[in-house]
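Every chain is numbered from 1, with letters handed out A, B, ... down the list of sequences. The model shown is predicted, which means the values in this text are computed figures rather than measured ones.
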Amino acid sequence: MPELPEVETVRRGLVPVMEGAVIAQADVNRPDLRWPFPQGMAARLTGQQVLRLRRRSKYILADLASGESLLIHLGMSGRMLISGDPLGQFVHDHPPAEKHDHVVFHMDNGARVTFNDPRRFGAMDLLDTATADQHKLLAAIGPEPFGNDFHETHLIAVLKGRNTPIKSALLDQRIVAGLGNIYVCEALYRARIHPARKAGRIATARIAALVPIIREVLSDAIEAGGSSLRDFRQADGELGYFQHRFDVYGREGAPCHSEDCSAQIARIVQSGRSSFYCSQCQR
DNA sequence: ATAGGCACCTGGTGGC
DNA sequence: TGCCACCAGGTGCCTA
């Protein structure tokens with residue numbers, strides 16, 4: 001679930017119930033996720049107004065009135081469940097606590113936000129808002145795909161001479177922020193680039209073409225996430241789950257969507273992870 | 001510096 | 001029904 005579009009979808013879903021509201025109470029139900037929670041996390045959150053919810057790569061940052069920011073990563077299975085918000089946009093009752101509800105934020109507007117993460121690859125930390133960029137987990141991350149620093153010259157430069165498959169390179173968060181296994185596969189399909197191609201041996205024009213394609217793939221997905229959000233009125237308040245039409249991801253053996261192509265989508269394993277592609281269209 | 005592999009953890013699925 | 005192998009949207013860390 002959580003690559004950039006899903007994280008952005010979650011952030012947008014949280015804005016109406018968290019921004020401007022005060023965390024009246026924070027339940028921290030275990031000492032850690034992927035790493036131990038910071039010292040006194042519950043106390044440092046309690047009574048704090050959330051000034052702003054931002055996203056950097058796959059991280060959500062909640063800037064607090066105290067000058068600290070809460071850093072949240074959803075890992076592989078993290079979810080944010082909203083319940084009982086007074087705006088009536090989501091659901092009206094608080095569902096019973098479930099297994100893996102690790103942190104619960106009780107907002108002063110009546111909303112409750114529950115972080116649920118079965119696999120616990122997620123993370124939370126507190127850092128100084130002013131120096132957030134220098135946080136260990138954020139410092140090395142590359143440009144935001146929708147930002148001005150992500151452009152053709154950059155991508156060409158960072159891929160130059162790289163001997164690694166383009167698939168691996170695009171998964172590397174230092175090259176560009178926010179892509180994961182799904183959207184790398186989708187972007188390479190749209191760019192007609194074979195996932196196993198060495199990153200440093202792709203014509204610069206084809207690398208350049210990846211820039212708008214990556215933006216399109218991500219914005220298409222964000223749009224899809226946003227539209228499904230509106231259906232949550234009668235749903236259970238779970239965010240970050242949306243239907244999206246993939247061209248290749250998870251479609252091994254299914255027909256290629258390209259016109260005039262009769263090939264089937266193939267799957268290979270690269271550094272332990274599945275890559276889906278069309279061997280006819282992608283070279 | 002770069003590349004590859006492992007580890008962390010739980011749950012769902014499909015085969016026998 | 002039970003057991004088991006395998007798979008899953010991420011990424012830090014260790015080793016050559």
Distance (rounded to the nearest 0.5 Å) between A/Ile23 CD1 and A/Leu45 CG:
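Atom-to-atom, A/Ile23:CD1 and A/Leu45:CG are 5.0 Å apart.
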Measure from [atom1] on [X] to [atom2] on [N] and round the result to the nearest Å.
X	N	atom1	atom2	value
A/Ile60	C/dG10	CD1	P	15 Å
A/Arg273	C/dC7	CZ	P	13 Å
A/Arg79	B/dT10	CZ	P	17 Å
A/Glu252	C/dC7	CD	P	11 Å
A/Trp35	B/dC9	CH2	P	13 Å
A/Asn116	B/dT10	CG	C1'	11 Å
A/Asp117	B/dT10	CG	C1'	9 Å

Pick out the pairs of N or O atoms, protein on one side and nucleotides 11-13 of chain B on the other, that lie under 3.5 Å.
from: B/dG11; atom 1: OP1; to: A/Lys99; atom 2: NZ; distance (Å): 3.1
from: B/dG11; atom 1: OP1; to: A/His100; atom 2: NE2; distance (Å): 2.7

Got a salt bridge between A/Arg12 and A/Glu8, using NZ or NE/NH1/NH2 to carboxylate O under 4.0 Å?
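The answer is yes: the pair qualifies as a salt bridge.
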Enumerate the residues from residues 156-173 of chain A whose closest heavy atom to DNA chain C is under 4.0 Å, giving them by residue number; use none for an empty result.
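A/Gln173, in order of number.
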Under a 3.5 Å distance rule, please check whether A/Asn109 uses its side chain to pair with a backbone N or O of A/Ala111 as donor and acceptor.
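Yes, A/Asn109 side chain to A/Ala111 backbone: donor-acceptor pair under 3.5 Å.
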Heavy atoms from C-beta onward define the side chain here; which of [options] lies closest to that of [X]?
X	options	answer
A/Arg34	B/dC9, C/dG10, C/dC13	C/dG10
A/Arg267	C/dG10, C/dC13, C/dA8	C/dA8
A/Arg120	B/dC9, C/dG10, C/dA8	B/dC9

Verify whether one side chain among [X] and [Y] offers a donor that lies under 3.5 Å from an acceptor in the other.
X	Y	result
A/His73	A/Arg34	no
A/Lys99	A/Asn116	no
A/His257	A/Asp247	yes

Mind checking whether A/Phe246 and A/Tyr183 have parallel, tilted or perpendicular rings, split at 30° and 60°?
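A/Phe246 vs A/Tyr183 ring planes: perpendicular.
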